[in-house]
Amino acid sequence: MVTPEALLVIIRHAPHSSNLLREGLDAALVAAAFGQPVHLLFMGQGIMALLKEQGSGAPGQKATLPTIDMLEMYDIDQLLVPEGALQSMQISADSLIENATLIADQQIPGLFQQHATILNF
Amino acid sequence: MVTPEALLVIIRHAPHSSNLLREGLDAALVAAAFGQPVHLLFMGQGIMALLKEQGSGAPGQKATLPTIDMLEMYDIDQLLVPEGALQSMQISADSLIENATLIADQQIPGLFQQHATILNF
Amino acid sequence: MILHILTKAPDSSAATQMQQAVGDQDAVLLIEAAVTAALDVSWDAWQQYPSRIFLLSEDLISRGLANIAEDNELPTLEMEGFVALTEQYEKTVTWY
Amino acid sequence: MILHILTKAPDSSAATQMQQAVGDQDAVLLIEAAVTAALDVSWDAWQQYPSRIFLLSEDLISRGLANIAEDNELPTLEMEGFVALTEQYEKTVTWY
Amino acid sequence: MQYGLLVMGAPYSSPAPHSALRFAHALLSRGHQITGVFFYHDGVHNASSLMAPPQDELNLREAWVELNQQQAVPLDVCIAAALRRGLMSESEAQRHGKQAFNVAPPFELTGLGQLLELQQRADRLITFA
Amino acid sequence: MQYGLLVMGAPYSSPAPHSALRFAHALLSRGHQITGVFFYHDGVHNASSLMAPPQDELNLREAWVELNQQQAVPLDVCIAAALRRGLMSESEAQRHGKQAFNVAPPFELTGLGQLLELQQRADRLITFA
């Protein structure tokens with residue numbers, strides 16, 4: 001599933017809470033544009049970036065979903081979500097966009113070991 | 001204990017974590033310098049500002065205790081600490097500086113009601 | 001009578017501290033990251049402050065939580081309603 | 001083998017997330033606000049990672065927690081020791 | 001009623017300034033007055049005239065300037081909080097021997113006393129942080 | 001060994017830059033090299049030449065400049081993160097029609113690719129945030 005030379009980018013911050021989500025996704029996109037395989041792991045509030053019903057709130061609240069949709073164009077197709085995190089956020093799996101992949105919590109440490117490079121946002 | 005025209009300043013952030021502690025204390029000192037009675041309530045990590053053994057860590061880590069010591073010079077003598085917060089931080093009362101005053105957790109809502117002006121840092 | 005404005009998630013220390021300060025006559029408004037409370041109907045604040053706790057609608061919508069708030073029958077307010085609350089309550093305290 | 005650097009208090013979401021990621025061979029270094037963990041000997045990380053969890057000494061001192069860490073017999077490191085850990089562990093991940 | 005706003009979050013890094021702006025416009029549409037806005041802590045970054053966000057994002061400084069132009073709302077910036085964060089007016093730049101400045105009217109650098117005065121003059125003080 | 005540092009916290013608002021600087025000096029005293037420092041997210045504020053903290057506080061920009069002068073450590077600042085936060089170089093100021101700038105050498109505005117290159121060239125990348 002994961003290749004050693006891939007970059008693991010961890011997204012832990014929600015849309016609209018800080019710019020960490022956006023700047024984490026930017027790092028992922030730039031790495032992919034440079035030809036590096038990129039895997040994304042969503043933890044905690046970061047999972048909210050994958051909610052499919054994010055809409056237009058107030059004018060000027062810039063949406064995150066268009067950036068999430070761009071990931072696929074850059075061949076970033078591993079959007080990993082630990083099941084436990086989803087449960088503790090009380091989010092149902094079908095609220096997430098389609099290409100999110102659930103993983104067991106026990107897989108998290110292994111994921112960290114298998115990636116030579118990691119960026120944590 | 002509290003007079004209606006007093007300002008309640010709430011300190012919730014620890015030394016060295018952000019500048020909120022320093023900027024909250026600055027607001028308290030300026031209000032006192034303008035002649036307004038000021039009461040301080042310490043909650044959560046903010047209680048760490050009152051630990052008496054804060055020392056010189058690395059060069060450039062600016063200490064908070066000198067500012068805390070200045071409060072008395074400005075007649076800010078109510079440094080209120082809820083007992084429950086102290087317990088949940090597992091700090092013993094004798095680790096705090098002498099002029100900290102313990103209050104019962106149930107007194108917190110009343111404290112908010114009694115002050116016409118509140119600033120929350 | 002105080003309006004407490006929470007801007008952080010219900011599991012934050014800001015939320016814990018707010019809950020220690022809310023009095024019997026006070027109201028609570030959840031904005032920004034605090035609207036994630038819509039996901040957690042078991043959050044004790046929902047039981048503690050019935051009929052005086054609200055979610056800011058546009059922050060729910062932008063975070064994809066509007067339908068969930070509706071399904072859970074949680075009370076929402078527009079920005080106008082936020083202003084109306086501040087008219088009604090003499091003091092406001094923001095928890096962040 | 002990863003060195004996890006925690007910069008936030010043990011009750012933060014950063015700490016929870018870190019604990020989900022720490023592997024059997026990994027080490028943990030507590031710096032900045034994370035050194036408040038010295039107050040809480042019942043924090044499960046102390047039991048989970050014995051002999052591979054450390055507190056940064058100068059951050060303990062500046063926060064008035066050095067004696068408490070000593071009383072609780074918790075392992076501390078100087079900045080030199082922090083560097084030594086990063087030499088030993090190929091990868092580091094910072095939780096903030 | 002008279003409202004004072006205290007803004008303590010930086011543009012883009014915090015949603016607070018945008019919430020404050022939306023609240024300000026809702027205030028005006030309900031017929032209230034804004035006595036003043038005070039920028040403190042990381043909120044001082046709202047005043048930066050060098051802010052250049054991507055074109056598809058709201059320029060928050062411009063949004064504040066517009067509010068000032070519509071209703072003559074004073075935009076006060078805590079000078080101590082500003083200086084340590086790299087924000088200074090032309091006169092402060094001269095005092096500190098700097099070649100440039102990034103705080104200009106309608107934003108004004110002022111002391112913390114202004115915040116306490118705002119709190120006393122306004123019927124309501126609302127914090128966005 | 002070769003170390004890269006990623007700094008994502010703003011001076012004074014976060015302890016991260018100060019931790020990073022202390023770590024950098026400990027690296028050098030143990031005989032390591034610093035391949036580069038990359039400033040991202042709120043860390044871009046470290047580059048501000050208009051920073052004017054009180055005299056009894058460390059001037060973090062000057063501390064970075066000193067590190068650069070001692071060991072020729074590159075100080076790279078993410079341009080996209082910088083522009084939206086009000087940090088720009090002389091050439092960016094011209095491009096954006098601004099009268100002033102607040103990022104000057106040894107700090108250089110650069111793209112995010114530089115961070116990924118730093119991660120690949122250095123034996124270790126340590127994040128301070």
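Throughout, a chain's letter reflects where its sequence line sits, starting with A, and its residues are numbered from 1.
- Remark: E80(C) CD is packed, more than 12 non-hydrogen atoms of other residues, nucleotides or ligands lying under 6.0 Å away.
- Between the CD atom of E53(A) and the CG atom of N67(C) there is a distance of 4.0 Å, given to the nearest 0.5 Å.
- Other residues, nucleotides and ligands contribute only 12 or fewer heavy atoms inside 6.0 Å of the CG atom of D24(C).
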Full working for side chain to side chain contact (heavy atoms under 4.5 Å, CB included) between D59(C) and Q61(A): CA-CA 9 Å; D59(C) 287 349; Q61(A) 284 184 324; 2.9 Å; yes
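- Among L51(A), T64(A), L65(A), the residue making the largest number of heavy-atom pairs under 4.5 Å with chain C is L51(A).
- Here M48(A) contributes atom CE and L39(C) contributes atom CG; the two are 6.0 Å apart, rounded to the nearest 0.5 Å.
- To the nearest 0.5 Å, atom OG of residue S18(A) and atom CD of residue E32(C) are 11.5 Å apart.
- One finds the CD atom of E58(C) at 11.5 Å from the OG atom of S56(A) (value rounded to the nearest 0.5 Å).
- For CD of Q48(C), the number of neighbouring non-hydrogen atoms (other residues, nucleotides, ligands) closer than 6.0 Å is greater than 12.
- Once rounded to the nearest 0.5 Å, the distance linking NZ of K62(A) with OG of S62(C) reads 14.0 Å.
- For CD of E98(A), the number of neighbouring non-hydrogen atoms (other residues, nucleotides, ligands) closer than 6.0 Å is 12 at most.
- When the shell of 6.0 Å around CD of E83(A) is examined, it contains more than 12 heavy atoms from other residues, nucleotides or ligands.
- Under the 4.5 Å side-chain criterion, counting only non-hydrogen atoms from C-beta, R63(C) is in contact with H16(A).
- Heavy atoms of A63(A) lying under 4.5 Å from chain C are absent altogether.
- With rounding to the nearest 0.5 Å, the separation of CD1 in I68(C) from OG in S92(A) is 6.5 Å.
- Residue contact with chain A, scored on non-hydrogen atoms closer than 4.5 Å, involves the side chain of L65(C) exclusively.
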